[in-house]
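Written out below as structure tokens is the structure these notes cover.
Just the heavy atoms: all of them, side chains too, but no hydrogens, waters or symmetry mates, feed the values below. Throughout, a chain's letter reflects where its sequence line sits, starting with A, and its residues are numbered from 1.
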Amino acid sequence: MRVSQFLLSTLKEVPADAEIISHQLMLRAGMIRKLAAGLYTWLPLGLRVLRKIETIVRDEMNQAGALEVLMPAIQPAELWQESGRWEQYGPELLRLSDRHNREFCFGPTHEEIITNLIRHEIRSYKQLPANFYQIQTKFRDEIRPRFGIMRAREFLMKDAYSFHLTQDSLQATYDIMFKTYTNIFNRLGLKFRAVIADSGNIGGNNSHEFHVLADSGEDAIAYSTTGDYAANVEMVPILPPTKPRSQPTANMVAIDTPNQHTIEELSQFLQVEPAKCVKTLLVQGEAGLVALVLRGDHTLNVIKAAKLPQVSSPVTFAEPAQIKDTIGCDIGSIGPVGLEIPVLVDNSIANLIDFVCGANKNDQHLTGVNWGRDLPEPQLADLRNVEAGDPSPDGNGELEIARGIEVGHIFQLGDKYSRAMQATVLDENGKNVTMTMGCYGIGVSRLVAAAIEQNHDQIGITWPQAIAPFTVALLPINMHKSQRLRQVAEGIYAKLTAVGIEVLFDDRKERPGIMFADMELIGIPHRLVIGERGLDNGEAEYKGRRDEKSQTVPLDDVINFMQNKLKI
RNA sequence: CGGGGUAUAGCGCAGCCUGGUAGCGCAACUGCUUUGGGAGCAGUGGGUCGGGAGUUCGAAUCUCUCUACCCCGACCA
């Protein structure tokens, strides 16, 4: 491709509303342009990257035996009513009606559509298992779309759905998909981790998320430094201590703590470390308030809490007025001693002795508090978020925390949809059996942003070769002034193209600084520079986008050199 | 949906407080010079100042209202 024939719309300045680096770089590199909140046009440069990712995803899915289909983006309400999600899904579902006032939605996902298709197409167990996928535009009316393509409302997704007679068969396909996803992210050239995940509201049990590792990621994942364990931090169980508790050494004393509300203030004031303080959070329960007690330096995991039978889901914190009414004091002075509402205590403080907590009276705290003596033995629950250094739940090593961007998610759905929609096959006894299902998603457009979050430097994008929009940037210096240089450049361009290398040939009449800056911004992995100076010595100059220094290459060896570099 | 903010040329912004007919940098276009790291000089084009209403002799500027967008929160692949 010649730059003069391409739309290279780079920006020197960062658009004001772009928060994260991938969004800034995608705008500056001229990959996307915003149309409205969460809606983006892909410019030629960005689309090339998107298509490369799509191609790799499609190739691996095909190799895994999945069959590609393409389902409509607009879906009739009846199917969603049948599955029960027309009511459940809420405002994120974009609903519309046609000229006959029939109701539709713009599909945020396709379980209903594929289940409807398969219940008509597949009648016999002999046709199972089967796995169908599509790469298609989804729409989710997010409350707050942000970060450009990372959390857009309209986005490109690969979604796959598998159908089975048995759980064993589902597990086998699930394992194949796990392997396939691993292959995909490896081929894309991204550093990633597969982690145990919450299955959220899609339903089902067994579930893994695939995260591209990036410091800017919105999700935190915990992984064992020595073992294989890895999970979304939401999901890491923390077990109660196995050893017995030590004996108390202090008596319970009430002390005045004027205007000390937060754990930080309190631990400063009393000269006690936060780990010896206890904080008590009040949340709405099934009947009135419930107290959740955590160590001062720990944080509540709302997903774990919401799963407890005593706690309302989703977790809702008590209103200050309600606390005053129930306990008689304000936030900041609450403690578990003498509370008359249900008290759930985090596993991690089962063995805490001589601790500090609120006295349920404003401006007072208790020190030297001990379980079983000053208050009943704790009713334990797993309440807190994991932290770096916690033991791995499988007993193998310690956990480290990393940040990631969720780009893939695989679920075992079970019969949630197939039962609601009566997707059955005849088994070998001629009996109707409800199929069991799996579903497997990859955020194709999000992957573009995630790849940039992971692969950039001060001056621009540093694409992994597999998904770069072009492979080689060919930069002739001041070509307009030298016929000889033009001929050499055209020759190299033609030959590289002929051997199947995607070359971006900068044939603009621009100064070298502009060409370098543009090519570095858009992240072309390999750069060949030729100039009058080098021609005299029969040399070209090569530099990899991530290399520190450039190297010279004999002009008549350039094609070979590049082929070797690219291993083709 | 709650809280905060912004809206002036393609992009980044000033002007608004104190009303007097719109400006800067970048980008674009033309010419000349320059040419191995986002050039210099000269010139040119481009704006219903988000929409509507009001106050006023006069509104980008003051008032009201609507809309869009951004940030924080809850929610979520």
Open item on the list: Ring centroids only, cut at 6.0 angstrom: are A:Tyr229 and A:Tyr223 within range, meaning strictly under it?
Closed with: no
TODO: Name the pairing partner of B:A27, where a pair is Watson-Crick or G-U wobble with both distances under 3.5 Å, or state none.
DONE: none
Task: Watson-Crick or G-U wobble partner of B:G20, both distances under 3.5 Å - done: B:C57
Open item on the list: If the threshold is 4.0 Å, N to carboxylate O, is there a salt bridge linking A:Arg403 and A:Asp215?
Closed with: no
TODO: Would you mind reading off the distance between A:Asp506 atom CG and B:G36 atom P, rounded to a whole angstrom?
DONE: 15 Å
TODO: Return no unless some side-chain N or O of A:Arg511 is found under 4.0 Å from OP1 or OP2 of B:A39.
DONE: yes
Open item on the list: Between B:G54 and B:C11, how far apart are the two C1' atoms, rounded to whole Å?
Closed with: 34 Å
TODO: Quickly work out the A:Lys509 NZ to B:G38 C1' distance and round it to whole Å.
DONE: 18 Å
Open item on the list: Is the positively charged end of A:Arg95 above the ring of A:Trp86, judged by distance under 6.0 angstrom from the centroid and angle within 45° of the axis?
Closed with: yes
Open item on the list: Counting only Watson-Crick pairs (N1-N3 plus N6-O4 or O6-N4) and G-U wobbles (N1-O2, O6-N3), all under 3.5 Å, who is the partner of B:G45?
Closed with: none
- [ ] Check the distance between B:A74's P and A:Glu142's CD and give it to me in whole angstrom.
- [x] 14 Å
Open item on the list: So A:Glu541, base contact, sugar-phosphate only, or nothing? Heavy-atom distance under 4.0 Å.
Closed with: base
- [ ] For side-chain contact (heavy atoms from CB on, under 4.5 Å), just list the numbers for A:Ile334 and A:Ile323, CA-CA rounded to whole Å, side-chain angles, deciding distance to a tenth of an Å, and then say yes or no.
- [x] CA-CA 9 Å; A:Ile334 311 167; A:Ile323 296 174; 3.9 Å; yes
TODO: Rounded to the nearest angstrom, tell me the gap between atom CG in A:Leu27 and atom P in B:C26.
DONE: 22 Å
TODO: Begin with the C-alpha distance, continue with both residues' side-chain angles, and end with the deciding distance and a verdict on side-chain contact (heavy atoms from CB on, under 4.5 Å) for A:Ile74 and A:Phe106.
DONE: CA-CA 5 Å; A:Ile74 303 292; A:Phe106 196 114; 3.7 Å; yes
Open item on the list: Without decimals, in angstroms, what is the distance between A:Ile477 CD1 and B:G37 P?
Closed with: 9 Å
Open item on the list: For the C1' atoms, the ones on B:U63 and on B:U55, what distance do you get once it is rounded to whole angstrom?
Closed with: 7 Å
TODO: Can you tell me the distance, in whole Å, between the CD atom of A:Glu13 and the P atom of B:G10?
DONE: 14 Å
Open item on the list: Work out how far the P atom of B:G37 is from that of B:C16, and round it to whole angstrom.
Closed with: 42 Å
Open item on the list: For A:Asp59, is there an ion pair with A:Arg187 - N to carboxylate O distance below 4.0 angstrom?
Closed with: yes
- [ ] For B:C1, give its Watson-Crick or G-U wobble partner with both distances under 3.5 Å, or none.
- [x] B:G73
Open item on the list: By the 4.0 Å heavy-atom rule, please label A:Gly441 as base, sugar-phosphate, or nothing.
Closed with: nothing
Task: Centroid-centroid distance, A:Phe163 to A:Tyr417, less than 6.0 Å - done: no
Open item on the list: On the six-membered ring of A:Phe470, is A:Arg48 placed so that its NZ or CZ lies under 6.0 angstrom from the centre and within 45° of the ring axis?
Closed with: yes
Open item on the list: Protein within reach of the bases, or only the backbone? For nucleotides 66-73 of chain B, mark each nucleotide 5' to 3' as B, S or -, using heavy atoms under 4.0 Å.
Closed with: ---SSSB-
- [ ] Could you work out the separation of B:C1 and B:G40 based on their P atoms and round it to a whole Å?
- [x] 49 Å
Task: Between B:G20 and B:G12 - P atom distance, rounded Å - done: 26 Å
Task: Nucleotide B:G10, atom P - distance to CG of A:Leu7 in whole Å - done: 17 Å
Open item on the list: Counting the atoms with a prime plus P, OP1 and OP2 as sugar-phosphate, which does A:Val407 contact under 4.0 Å by heavy atoms, base, sugar-phosphate, or nothing?
Closed with: nothing
- [ ] Give, ordered by number, those residues of residues 517-527 of chain A having at least one heavy-atom distance below 4.0 Å to an atom of RNA chain B; if nothing qualifies, reply none.
- [x] A:Ala517, A:Asp518, A:Glu520, A:Arg527
Task: B:A7 - base-pair partner by Watson-Crick or wobble geometry, distances under 3.5 Å - done: B:U67
Open item on the list: Distance to the ring centre below 6.0 angstrom and angle to the axis at most 45 degrees; does that hold for A:Arg527 and A:Phe516?
Closed with: yes
Task: Proximity to the side chain of A:Phe516 - top-ranked nucleotide from B:U35, B:G12, B:G37 - done: B:G37
TODO: Considering only atom C1', compute the distance from B:U21 to B:A59 and round it to an integer number of Å.
DONE: 10 Å
Task: Crowding at CD, A:Glu68 (>12 non-hydrogen neighbours, <6.0 Å) - done: yes
Open item on the list: Both A:Pro512 and A:Ile149 contact RNA chain B. Which one's nearest nucleotide lies toward the 5' end?
Closed with: A:Pro512
Open item on the list: Before you tell me yes or no, could you show the steps for A:Lys158 and A:Met61 under side-chain contact (heavy atoms from CB on, under 4.5 Å), namely the whole-Å CA-CA distance, both residues' side-chain angles and the distance that decides it to 0.1 Å?
Closed with: CA-CA 10 Å; A:Lys158 187 285 296 176; A:Met61 289 302 292; 3.7 Å; yes
Open item on the list: Using whole Å, what does the distance between atom P of nucleotide B:G36 and atom CG of A:Asn537 come to?
Closed with: 16 Å
Open item on the list: Looking only at the aromatic ring of each residue, does the gap between the centers of A:Phe411 and A:Tyr161 stay below 6.0 angstrom?
Closed with: no
TODO: Using the C1' atoms only, state how far B:U61 lies from B:G43, rounded to an integer number of Å.
DONE: 32 Å
- [ ] Searching all strands shown, indicate the nucleotide that pairs with B:A39 (Watson-Crick or G-U wobble; both distances under 3.5 Å).
- [x] B:U33
TODO: Looking at every strand, decide which applies to A:Ala18 at a 4.0 Å heavy-atom threshold: base, sugar-phosphate, or nothing.
DONE: nothing
Open item on the list: By the 4.0 Å heavy-atom rule, please label A:His211 as base, sugar-phosphate, or nothing.
Closed with: nothing
Task: A:Glu92 or A:Leu11, whichever maps to the more 5' nucleotide of RNA chain B - done: A:Leu11
Task: Span that lies between the C1' atom of B:G51 and that of B:A7, in whole angstrom - done: 12 Å
